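For the numbers below, each heavy atom of this structure counts, side chains included, while hydrogens, waters and symmetry mates do not. Convention: sequence-line order gives letters A, B, ...; per-chain numbering from 1. Keep in mind that this is a model prediction, so the values were computed, not measured.
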Amino acid sequence: MLDIKFIRENKDLVSEGAKKKHIDFDVNALIEIDDKRRELLTMIENKRAEQNDVSQKIVNVSEPEEKKKMIENMQLLKTELQKEEEELKTVMLEWQKLMVSVPNIPDISVPEGLDDKDNREVKVFGEIPKFSFTPKNHIELMQNLDMLDLERGAKVSGFRGYFLKGDAVRLQFALWQFVQEHFFQKGDWKQMIVPSVVRREVFMGTGYLPQGEEDLYKTQDGDYLSGTAEVATMGYFMDEVLDIKDLPMKVLSFSPAYRREAGAHGKDTKGLIRVHEFYKFEQVVLCEASHAESVKFHEEIQRNTEELMEALKLPYHVVANCGGDLGLGQVKKYDIEAWLPSENTYRETGSASYFHDFQTRRLNIRYRDEEGKMRFVHSLNNTALSGRPLIMIIENYQQEDGSIKIPDVLQKYMGGQTVISKKS
RNA sequence: GGAUGGAUGGCUGAGUGGUCUAAAGCAACAGUCUUGAAAACUGUCGCCUGGGUAACUGGGCCGUGAGUUCGAAUCUCACUCCAUCCGCCA
């Protein structure tokens, strides 16, 4: 959500921002409604002032006739007041509906464009592997090594269901330990394992609702399953006032992630690229309300993820997402995409974005600045490691005989094992 | 599922229809004292919002929403959340 005062003062900026994101939003309609809201509010406040004033005087009037007359006048005033309040309520409903759909303004450095085809490559790391044989995809590799069971996954869990088995489990846990240790070594990251069942309020606050309802699983109690630990981590700080000494607040959160993939029925139907349920480490940062701080930490959390990929020696590139590929609240976003040999292309493994105070205004997360003024903190998040890098490791590290080398940095978490090969 | 209690500013917490314009304490900020710091003392100090260059000033906010009343933190109703106990499950 943006500040209505800011919207009024910068309506062209807001309008152009929406256009850049290819979101249809009529700023003038909002301002028109806001004019009406202000006009009503002034009328109501004047009547309330009179009511407060007279009510206080009534106490001291001893003359019964005079007192009676004053009360009668106040009854009349009250009727008018109630009528205007009713009117205001109607206006407010429309006002709120528009307010939650105002898109945040994309940064000037965000490329123009409609969808992910227009994203701009900003960094490339590593050599794309050249195989002296035809590389297999992760499904074949994993099934041959008894690391994956999709048939039983479908039997038990349904479409996109899967079981990870054997060395896949060991490799996956090695990855989690590696990530956890990497962030622990930085010293200034707090770690949490956070809930995935989260109340509606928090989804509203983080901007996943009201838009995006069909992408979420819902419980019969009206709660939702979150697709990222970002939601619960932000919710942790909801309605709280942070001490400026605790900023920046850096949190590495782990949780299961659930995604309905409602709009992606035909996409990536095989294997582990697109699944309904996976685990993920997420970085969340809350910082002081300055654009420069947001940019600084955006680069930092992006770099953190790159460090992980580099340590794992996975070829990747980074794209700056274009306007049309940004969410409602995002100011700027980088996607990190790792090389997937079987598709001969880069596939997304993580996404780093910052929001200014778009989320924290809704969630009411504040701090007191140097001057003692209450301000909304800025929020950012980035994937640290999702479920996908496991797939990239398996495909990039495959050898001609179908065995898979284990990345150097993971070997110590697997008892010194260097390769995954067929058990005799 | 049943029973009981609760929700007040950054925090703790008083407040049962009209000086509540929300006590008090803590924290914070400024000052005095001090070589410096602490302590002590003095003063300032809730949040949101309208108007005004400013001094200042209007309105709202005591979990949320309705209601009673000339007037509600306070009375009534509904809801949400939290805590404790019992039951159920593990």
Side-chain angles (χ1 to χ4, degrees), chain A residues 1-9 30-100 102 195 197-205 209-210 218-224 231-232 234-247 249 286 288-289 357-358 360-377:
Chain A
M1 196 154 65
L2 295 179
D3 184 2
I4 183 65
K5 223 177 351 184
F6 175 87
I7 297 171
R8 291 185 73 97
E9 285 163 9
L30 172 62
I31 291 184
E32 222 168 90
I33 278 276
D34 191 53
D35 285 338
K36 221 182 289 177
R37 179 187 72 100
R38 285 164 168 248
E39 191 190 327
L40 275 167
L41 223 45
T42 310
M43 279 161 63
I44 287 169
E45 283 179 5
N46 287 339
K47 287 202 171 62
R48 286 214 183 118
E50 191 182 344
Q51 195 177 51
N52 289 344
D53 187 50
V54 177
S55 292
Q56 227 162 43
K57 284 181 182 145
I58 282 177
V59 196
N60 301 315
V61 175
S62 45
E63 178 67 36
E65 275 305 307
E66 201 185 336
K67 194 165 192 159
K68 201 178 141 201
K69 220 168 95 189
M70 285 172 95
I71 288 175
E72 274 168 9
N73 281 339
M74 282 301 98
Q75 281 169 334
L76 261 158
L77 184 79
K78 197 168 83 169
T79 319
E80 287 173 47
L81 193 57
Q82 276 169 342
K83 218 192 302 168
E84 284 170 8
E85 279 172 344
E86 202 59 43
E87 213 177 317
L88 181 67
K89 213 193 291 173
T90 320
V91 170
M92 281 308 284
L93 236 63
E94 183 63 21
W95 187 83
Q96 274 154 356
K97 216 172 82 192
L98 289 175
M99 280 300 279
V100 295
V102 182
V197 178
V198 177
R199 296 205 277 119
R200 184 180 171 84
E201 252 185 300
V202 185
F203 279 92
M204 292 290 286
L209 287 173
K218 191 176 181 177
T219 74
Q220 63 265 49
D221 299 313
D223 300 320
Y224 294 81
V231 183
M234 291 299 290
Y236 182 93
F237 297 102
M238 183 168 68
D239 290 321
E240 303 210 358
V241 177
L242 305 182
D243 195 319
I244 192 166
K245 292 191 211 89
D246 293 331
L247 299 179
M249 175 71 71
L286 300 177
E288 288 183 52
D357 60 6
F358 188 91
T360 55
R361 186 179 296 278
R362 292 188 185 195
L363 286 165
N364 193 30
I365 305 175
R366 298 174 297 170
Y367 74 104
R368 214 178 274 281
D369 69 12
E370 295 90 343
E371 276 117 55
K373 205 174 132 46
M374 286 286 197
R375 309 196 56 179
F376 294 108
V377 300

Measure from the side-chain heavy atoms of A/Ser55 and tell me the nearest of B/G58, B/G18, B/U21. B/G18
In whole Å, what separates the P atom of B/A78 from that of B/U4? 14 Å
For RNA chain B, whose closest nucleotide is more 5', that of A/Ile44 or that of A/Met74? A/Ile44
A/Arg38 CZ to B/G59 P: how many Å, rounded? 18 Å
Counting any heavy atom closer than 4.0 Å, what does A/Lys67 reach on the DNA or RNA strands: base, sugar-phosphate only, or nothing? nothing
Return the nucleotide paired to B/A55: Watson-Crick means purine N1 to pyrimidine N3 with N6-O4 or O6-N4, wobble means G-U with N1-O2 and O6-N3, both under 3.5 Å. none
Starting from P on B/C70, measure out to CZ on A/Arg48 and report it in whole angstrom. 17 Å
Across all strands, who's sitting opposite B/G65 as a Watson-Crick or G-U wobble pair, both distances under 3.5 Å? B/C77
A/Arg200-A/Tyr224 side chain donor-acceptor pair, cut-off 3.5 Å: yes
Taking any heavy-atom pair under 4.0 Å as a contact, classify A/Lys89: base, sugar-phosphate, or nothing. sugar-phosphate
Are A/Asp369 and A/Lys373 ion-paired here, with the side-chain N under 4.0 Å from a carboxylate O? no
When rounded to whole Å, the CZ to P distance for the pair A/Phe376 and B/C48 reads 8 Å
What is the base-pairing partner of B/C89, counting Watson-Crick and G-U wobble geometry with both distances under 3.5 Å? none
I need the single residue from A/Gln75, A/Glu65, A/Lys57 that forms a side-chain contact (heavy atoms from CB on, under 4.5 Å) with A/Met70. Which is it? A/Lys57
Looking only at atom P, what distance separates B/C11 and B/A54, rounded to whole Å? 30 Å
Does A/Asn52 have a side-chain nitrogen or oxygen under 4.0 Å from the phosphate oxygens OP1 or OP2 of B/G71? no
For A/Arg366, answer base if it contacts any base atom (sugar-phosphate contacts may also be present), sugar-phosphate if it contacts only those atoms, and nothing otherwise; contact means non-hydrogen atoms under 4.0 Å. sugar-phosphate
In this structure, are over 12 heavy atoms from other groups packed under 6.0 Å from A/Lys36 atom NZ? no
Once you apply a heavy-atom cut-off of 4.0 Å, does A/Glu72 come out as touching a base, just sugar-phosphate, or nothing? nothing
Can you tell me, in whole Å, how much space there is between the P of B/G2 and that of B/G18? 38 Å
Work out how far the C1' atom of B/A55 is from that of B/G15, and round it to whole angstrom. 34 Å
Donor-acceptor contact present, side-chain A/Asp221 to main-chain A/Asp223, <3.5 Å: no
Output yes when A/Asp34 and A/Lys5 qualify as a salt bridge under the 4.0 Å nitrogen-oxygen rule, no when they do not. no
Can you tell me the base-pairing partner of B/U84? Count Watson-Crick or G-U wobble geometry only, both distances below 3.5 Å, and say none if there is no partner. B/A3
Say we look at B/U16 and B/C62: how far apart would their C1' atoms be, to the nearest angstrom? 14 Å
From B/G59, B/A66, B/G71, nucleotide with atom closest to A/Lys78 side chain: B/G71
Quantified in whole Å, what is the P atom distance between nucleotide B/C41 and nucleotide B/C26? 9 Å
According to a strict under-4.0 Å criterion, is A/Gln51 in side-chain N/O contact with OP1 or OP2 of B/G71? yes
Whole angstrom value for the distance that separates C1' of B/C26 from CG of A/Asp243: 14 Å
Over 12 foreign heavy atoms within 6.0 Å of CD, A/Glu32: no
Paired to B/G18 by Watson-Crick or G-U wobble criteria (both distances under 3.5 Å) is B/C70
State the pairing partner of B/G25; accept Watson-Crick or G-U wobble contacts with both distances under 3.5 Å, and report none otherwise. B/C11
What is the distance from CG of A/Asp221 to C1' of B/U80, rounded to the nearest Å? 14 Å
Per the atom types in the model, does the base of B/G18 pair as donor or acceptor with the side chain of A/Gln56 at under 3.5 Å? no
Tell me whether the side-chain N/O atoms of A/Arg368 come closer than 4.0 Å to OP1 or OP2 in B/G46. no
Which part of the nucleic acid does A/Met374 contact within heavy-atom distance under 4.0 Å: base, sugar-phosphate only, or nothing? sugar-phosphate
With a 3.5 Å limit on both atom pairs, tell me what B/U42 is paired to, counting Watson-Crick and G-U wobble, or say none. B/A30
Go ahead and name the base partner of B/U35; Watson-Crick or wobble counts if both distances stay under 3.5 Å, otherwise write none. none
Using 4.0 Å as the upper bound for N to carboxylate O, is an ion pair formed by A/Arg48 and A/Glu85? yes
Between A/Glu45 (CD) and B/C61 (P), how many Å, whole number? 11 Å
Separation of the P atoms in B/U64 and B/G10, to the nearest angstrom: 14 Å
If you measure from the P atom in B/C75 to the same atom in B/U8, how many Å do you get, rounded? 16 Å
If I take atom NZ in residue A/Lys47 and atom P in nucleotide B/C70, what distance separates them, rounded to the nearest angstrom? 18 Å
By nearest-nucleotide position on RNA chain B, the 5'-leaning member of A/Ile71 and A/Glu201 is A/Ile71
Roughly how many Å is it from CG in A/Leu93 to P in B/A66, rounded to a whole number? 11 Å
